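Numbering starts at 1 and runs along the sequence shown. Only a predicted model underlies this, so the values are computations on that prediction, with no experimental measurement involved.
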Amino acid sequence: RMSPTDVSALIKKFSPLLDENSEVFRELAIFFGEGSKIDVHHGDLSKFLGRKRLYRVIRLKGESYKDCVYQLIDDHPESMEALGMLRYYKAPAGPVRWEDVEAAEIAMGKELTVNAYGWMPDAWTLFESSDARAPQADDDSKTHQMVAILAFDYGD
């Protein structure tokens, strides 16, 4: 696990023009920082921060993680055009229900095989509701959340 300082240094190294105060920078720092329940590979950061890319953060809340996946696909069809996607789930209060996360990732895979996708990287992780570093929902601790960080081709 890398410290927040190390993660910030890596982001700056791979994408020197990315504004440190931007939402994308902040979300990448959370994704690759400490506290996630699944180890992330820092090689994905260099793949994600390729040349000539534009980035976008999409925040989703729902009754389940799967609900968040369907919202992403239905309400943000442009996400299917992305070159890379990093996403993290934010668990509601209580023990993490891994089978729910698995169901969401299976749904994501099924939806995406329809659009032959080749996201590089395509990675996900999860934070518990008690993790202070991941943003807390304003409403309550019962919602399932997903934050997707997308990379698009900048074109010419």
**Asked** Which residues satisfy the side chain to side chain contact (heavy atoms under 4.5 Å, CB included) test with Glu105, sequence neighbours excluded?
**Response** Arg87, Tyr89, Trp124
**Request:** Indicate yes or no: at least one non-hydrogen side-chain atom of Glu23 is less than 4.5 angstrom from one of Arg59.
**Result:** yes
**Request:** Could you tell me which non-hydrogen atom of Val7 sits nearest to which non-hydrogen atom of Ala29, and how far apart they are?
**Result:** CG1-CA, 3.8 Å
**Request:** Report yes or no: do Met108 and Ile58 belong to one cluster of Ile/Leu/Val/Met/Phe/Trp/Tyr joined by side chain heavy-atom distances under 4.5 Å?
**Result:** yes
**Request:** Decide whether Ile106 and Met85 are clustered together by the hydrophobic rule: side chain heavy atoms of Ile, Leu, Val, Met, Phe, Trp, Tyr closer than 4.5 Å, transitively.
**Result:** no
**Request:** Could you pull out all residues at least two apart from Lys13 that satisfy side-chain hydrogen bond (donor to acceptor under 3.5 Å, both in side chains)?
**Result:** none
**Request:** Would you please name every residue forming a side chain to side chain contact (heavy atoms under 4.5 Å, CB included) with Leu18, sequence neighbours left out?
**Result:** Ile11, Ser15, Ser22, Val24, Phe25, Leu28, Leu49, Tyr55
**Request:** Determine whether Met120 and Leu83 make a side-chain contact, defined as any pair of heavy atoms from C-beta on separated by less than 4.5 Å.
**Result:** no
**Complete:** Those residues at least two apart in sequence (or on a different chain) that pass side-chain hydrogen bond (donor to acceptor under 3.5 Å, both in side chains) with Asp100 are Arg97
**Prompt:** What distance do Gln71 atom CD and Leu60 atom CG have between them, rounded to the nearest 0.5 Å?
**Reply:** 5.0 Å
**Prompt:** When you look at Phe152 and Arg53, which way does the side-chain contact (heavy atoms from CB on, under 4.5 Å) test go after all the steps?
**Reply:** CA-CA 5 Å; Phe152 294 94; Arg53 287 189 166 188; over 6 Å; no
**Item:** Interatomic distance, Arg26 atom CZ to Asp19 atom CG [nearest 0.5 angstrom]
**Value:** 9.5 Å
**Asked** Which pair of non-hydrogen atoms, one from Ser36 and one from Thr125, has the smallest distance, and what is that distance?
**Response** CB-OG1, 3.1 Å
**Asked** Going through the distances and angles, do Glu20 and Lys12 end up as a side-chain contact (heavy atoms from CB on, under 4.5 Å)?
**Response** CA-CA 8 Å; Glu20 257 185 276; Lys12 285 182 207 158; 3.1 Å; yes
**Message:** Measuring only between side-chain heavy atoms, which start at C-beta, is Pro121 closer than 4.5 Å to Leu86?
**Reply:** yes
**Prompt:** Does some side-chain heavy atom of Glu34 sit less than 4.5 Å from a side-chain heavy atom of Pro4?
**Reply:** yes
**Prompt:** Taking atom CZ of Phe32 and atom NE2 of His41, what is their separation to the nearest 0.5 Å?
**Reply:** 10.0 Å
**Request:** Go through the structure and list residues passing salt bridge (Lys or Arg N to Asp or Glu O under 4.0 Å) with Glu78, not counting sequence neighbours.
**Result:** Arg56
**Message:** Using only atom types and a distance under 3.5 Å, with no angle test, would you say the side chain of Glu27 pairs donor to acceptor with the backbone of Val147?
**Reply:** no
**Asked** Can you get from Met80 to Tyr70 by hopping between Ile, Leu, Val, Met, Phe, Trp and Tyr side chains that sit under 4.5 Å apart?
**Response** no
**Message:** According to salt bridge (Lys or Arg N to Asp or Glu O under 4.0 Å), who are the partners of Lys47, at least two apart in sequence or on a separate chain?
**Reply:** Asp44
**Message:** Do Glu81 and Asp153 have side chains that approach each other closer than 4.5 Å (heavy atoms only, starting at C-beta)?
**Reply:** no
**Request:** Decide yes or no on side-chain contact (heavy atoms from CB on, under 4.5 Å) for Ile38 and Trp98, but give the supporting numbers first.
**Result:** CA-CA 11 Å; Ile38 296 172; Trp98 289 104; 3.7 Å; yes
**Complete:** With sequence neighbours left out, the residues meeting salt bridge (Lys or Arg N to Asp or Glu O under 4.0 Å) with Glu63 are none
**Request:** Could you check whether the rings of Tyr88 and Phe31 sit parallel, tilted or perpendicular, using 30° and 60° as the cut-offs?
**Result:** tilted
**Complete:** Output for pair (Glu99 CD, Tyr65 OH), nearest 0.5 Å, gives 10.0 Å
**Nearest non-hydrogen partners of Phe127 and Ile30, listed with the distance** = CZ-O, 3.3 Å
**Request:** Name all residues meeting the salt bridge (Lys or Arg N to Asp or Glu O under 4.0 Å) criterion together with Asp67; count only those two or more places apart in sequence or in a different chain, and write none if there are none.
**Result:** none
**Asked** Minimum heavy-atom separation for Cys68 to Lys61, with atom names?
**Response** SG-C, 3.9 Å
**Prompt:** For Leu72 and Ala148, which heavy atoms make the closest approach, and how far apart are they?
**Reply:** CD1-CB, 4.3 Å
